[in-house]
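Comments concern the structure below.
Each chain gets a letter, A, B and so on, in the order its sequence line appears, and its residues count up from 1.
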Protein chains: 2
Amino acid sequence: MDRSDDDTAATARVSDVSGAAKVIAYVRDKLISGAFKPGDRLPGERDLCAQLGISRPLLREGLRALSVLGLVEVQQGRGTTVGRADIGALGDALVFCLAQEPNVVEDVLQVRTAIECQAIRLACTSASDADLAEINDKLETLVGSLQDPERGGIADHAFHLAIVKASRSPSLITMYRAIEPLLMRSHVQRRRLVIPDQDVTLHLVDSHREVFVAIVNGDPDEAERKMREHFQISARLHRARFLKMARGDTERAGAR
Amino acid sequence: MDRSDDDTAATARVSDVSGAAKVIAYVRDKLISGAFKPGDRLPGERDLCAQLGISRPLLREGLRALSVLGLVEVQQGRGTTVGRADIGALGDALVFCLAQEPNVVEDVLQVRTAIECQAIRLACTSASDADLAEINDKLETLVGSLQDPERGGIADHAFHLAIVKASRSPSLITMYRAIEPLLMRSHVQRRRLVIPDQDVTLHLVDSHREVFVAIVNGDPDEAERKMREHFQISARLHRARFLKMARGDTERAGAR
DNA sequence: ATAACAACACTGGTCAGACCACTTGTTCTC
DNA sequence: GAGAACAAGTGGTCTGACCAGTGTTGTTAT
């Protein structure tokens, strides 16, 4: 979000706020208050711009901004409706935005860690038998796909998502889904950069299993600890690629 | 991202693509090709709309969409520059998605817990002296406002926000700020319903202090434990209101 | 009475031209 | 050389007109 607009949007009733920001604030207030629900039809553009006291092109600017975030859907001849909270669209927008920002993507992993560590604690007490079966299923799939970066990345993510779902917290799940495309991309890229190695693979499988066992045992502290260990192992694996790359460079220099 | 625009943006050279989508595609292509880098100045609006063969309001729609995603920054009198994308857009849109869920006011506390517990771990190692001073300052303010539900809620939130800031993780900070409206609603509702009580107040102050001390001591596990204890104390305080309400109802029945 | 077609009303999509406000650069005066 | 005034370039907004798509209503034919 453009920050200057964001700050001023918070005081949308002040008359010096830009026109498009008025639209954003109007819709924001209605969404947060619950007055607008998914599928609701907004007033027509001519009515809405009269209501907000701005011109139609400005109104359209604001609506365009909201539509790019999936918060409204604008259709010619039909009108503008409140979006159905399309988390996937949000995640795709994020991938588009952050494709060139590897440092930001690394930091987003902090959010991932936060969510998963809270989720696994909740899963220890909230997970149903079906949830546990689902996680186990994803674990088996993961084990069977460790040699393939694409399928491995997908399976890894599915395992983690199953744990988040087992938390039974809608907010955590929503949040996780928002960063999902980024995580997927990150998983797959990381796997492409690392040559699979027997020891590492087994170690990784064990780590996933220990996470699952901790959930089944139902001890939140233990489960969180295992999850954090798991992330550390992954991070070490990621860092190990630099050693291999460094050795690779040395060998090339020697060959000249 | 609005799907129809996103799909059509990929084929921007087809002449039936909407005007704003042309802008988005133009900037996207330049970013991907590396022709545009953060800080670069885009051509002026009049030049750009001539170049793209669209009207200026349409161009502005497209730029507004890009600005809401942080990809460009538009400043009156100065021009439009390429932004350094961040996850701000995700944060702002996410609160809308969360707001649409039933029971969000209670469940968002899981997100809050997740973020704060991860943030406090990071704060133990990342916090500067200024960060620690800031948290301490907010703690003193909190102590001075416990008798006032409104100011107390604000001070409580400021204390926690200072901790999240001390994590030095832009993503965690962004997410935390995004859920602020929902947290404020939660805080205010909770505090209105509780009559402050001397013992509880002191216990609450101690809990906040222990959290701060743990950060200063720099032990992530200990700090997280203290934070979770703090949340449990708050939850107990919240549950205590039901006892008081039950007693209140009984007294009223006796009076009739 | 029902179905098909046409007309109308309402919706968003876009344009051109005008004017306002802000920023930066250039020129003039002291 | 410094400061003020002016000009040029930038974005911000508006009005009114017209185009294109969708849904509803009315008319006509069977």
Side-chain angles (χ1 to χ4, degrees), chain A residues 1-9 11-12 14-27 36 39-68 70-83, chain B residues 2-9 11-12 14-27 36 39-83:
Chain A
M1 173 86 69
D2 181 282
R3 292 293 166 174
S4 60
D5 282 338
D6 184 52
D7 290 341
T8 54
T11 56
V14 180
S15 62
D16 62 353
V17 168
S18 78
K22 277 184 183 167
V23 187
I24 294 168
Y26 168 83
V27 173
F36 281 178
D40 283 0
R41 176 96 175 280
L42 266 66
E45 288 183 0
R46 290 169 181 91
D47 292 338
L48 201 46
C49 70
Q51 189 176 327
L52 295 174
I54 58 175
S55 65
R56 192 145 80 98
L58 273 217
L59 177 87
R60 295 184 53 77
E61 268 187 52
L63 291 178
R64 178 69 67 167
L66 292 164
S67 77
V68 86
L71 298 176
V72 299
E73 192 177 341
V74 182
Q75 288 179 299
Q76 181 174 342
R78 288 186 176 180
T80 300
T81 52
V82 177
Chain B
D2 181 285
R3 294 279 173 181
S4 62
D5 282 338
D6 186 50
D7 289 340
T8 54
T11 56
V14 180
S15 63
D16 61 351
V17 168
S18 79
K22 279 183 182 171
V23 187
I24 294 168
Y26 169 82
V27 173
F36 282 179
D40 283 0
R41 178 97 175 281
L42 266 64
E45 290 183 356
R46 290 170 181 93
D47 292 339
L48 204 44
C49 68
Q51 189 176 329
L52 295 174
I54 59 174
S55 67
R56 192 145 79 98
L58 273 216
L59 177 86
R60 293 182 55 75
E61 268 188 51
L63 291 177
R64 179 68 67 167
L66 292 164
S67 78
V68 89
L69 297 171
L71 291 173
V72 297
E73 189 176 346
V74 182
Q75 288 178 299
Q76 180 173 347
R78 287 183 179 189
T80 301
T81 51
V82 178

Worksheet item: CG of A/Leu58 versus C1' of C/dC20: gap in Å, rounded?
Response: 13 Å
Worksheet item: Between B/Val23 and B/Ile54, is any pair of side-chain heavy atoms under 4.5 Å apart?
Response: yes
Worksheet item: Between D/dT13 atom C1' and B/Arg64 atom CZ, what is the distance in whole Å?
Response: 11 Å
Practice prompt. For the residue pair B/Leu42 and B/Leu63, establish whether any side-chain heavy-atom pair is separated by less than 4.5 Å.
Written response: yes
Response to the item:
Scanning both residues in full, the closest heavy-atom pair of A/Ile24 with A/Gly62 reads CG1-O, 4.2 Å
Worksheet entry | Side-chain touch A/Leu48/A/Gln51, heavy atoms, less than 4.5 angstrom | yes
So which protein N/O to nucleotides 17-20 of chain D N/O distances come out below 3.5 Å?
from, atom 1, to, atom 2, distance (Å)
D/dA20, N3, A/Gln76, NE2, 2.9

Worksheet item: In Å, rounded to the nearest 0.5 Å, how long is the span from CG of B/Leu59 to OH of B/Tyr26?
Response: 10.0 Å
Item to complete: Quickly work out the A/Glu45 CD to D/dG16 P distance and round it to whole Å.
Response: 17 Å
Worksheet entry | Rounded distance in Å - CZ (A/Arg41) to P (D/dT22) | 13 Å
Discussion item. Given 3.5 Å as the limit, does a donor-acceptor pair link the side chain of B/Arg41 with the main chain of B/Arg78, or not?
Written reply: yes
Item to complete: Give the rounded distance in Å between these two atoms: CG of A/Asp47 and C1' of C/dG12.
Response: 13 Å
Within the sub-3.5 Å range, which N or O atoms of nucleotides 4-9 of chain C have a protein N or O partner, and how far apart are they?
none

Worksheet entry | Interatomic distance where CG belongs to A/Leu59 and C1' belongs to D/dT15 [whole Å] | 15 Å
Discussion item. Using heavy-atom distances to pick each residue's nearest nucleotide on DNA chain D, tell me which of B/Gly44 and B/Pro57 is more 5'.
Written reply: B/Gly44
Worksheet item: Counting just side-chain N and O atoms, does B/Arg78 come under 4.0 Å of either OP1 or OP2 of D/dG11?
Response: no
Item to complete: Calculate the interatomic distance between B/Glu73 atom CD and C/dT23 atom P; express it in whole Å.
Response: 13 Å
Response to the item:
Heavy atoms of B/Thr81 and B/Gly39 approach each other most closely as CG2-O, 4.0 Å
Practice prompt. May I ask you to evaluate whether A/Thr80 reaches the phosphate of C/dT11, defined as a side-chain N or O under 4.0 Å from OP1 or OP2?
Written response: no
Item to complete: Report the distance from atom NZ of A/Lys22 to atom P of D/dC14, rounded to the nearest whole Å.
Response: 8 Å
Item to complete: Work out which heavy atom in B/Val68 is nearest to a heavy atom in A/Ala65; give both atom names and the distance.
Response: CG1-O, 3.9 Å
Worksheet item: How sharply is the helix from C/dA1-D/dT30 to C/dC30-D/dG1 bent, taking the axes over five pairs at either end and rounding to 10 degrees?
Response: 10°
Worksheet item: Step by step, would you call A/Ser18 with B/Gln76 a side-chain contact (heavy atoms from CB on, under 4.5 Å)?
Response: CA-CA 11 Å; A/Ser18 78; B/Gln76 180 173 347; over 6 Å; no
Worksheet item: Would a 4.5 Å heavy-atom cut-off, applied to side chains only, mark A/Glu61 and B/Arg60 as touching?
Response: yes
Practice prompt. Flag the pair A/Leu71 / A/Val27 as yes when at least one side-chain heavy-atom distance between them is below 4.5 Å, and no otherwise.
Written response: no
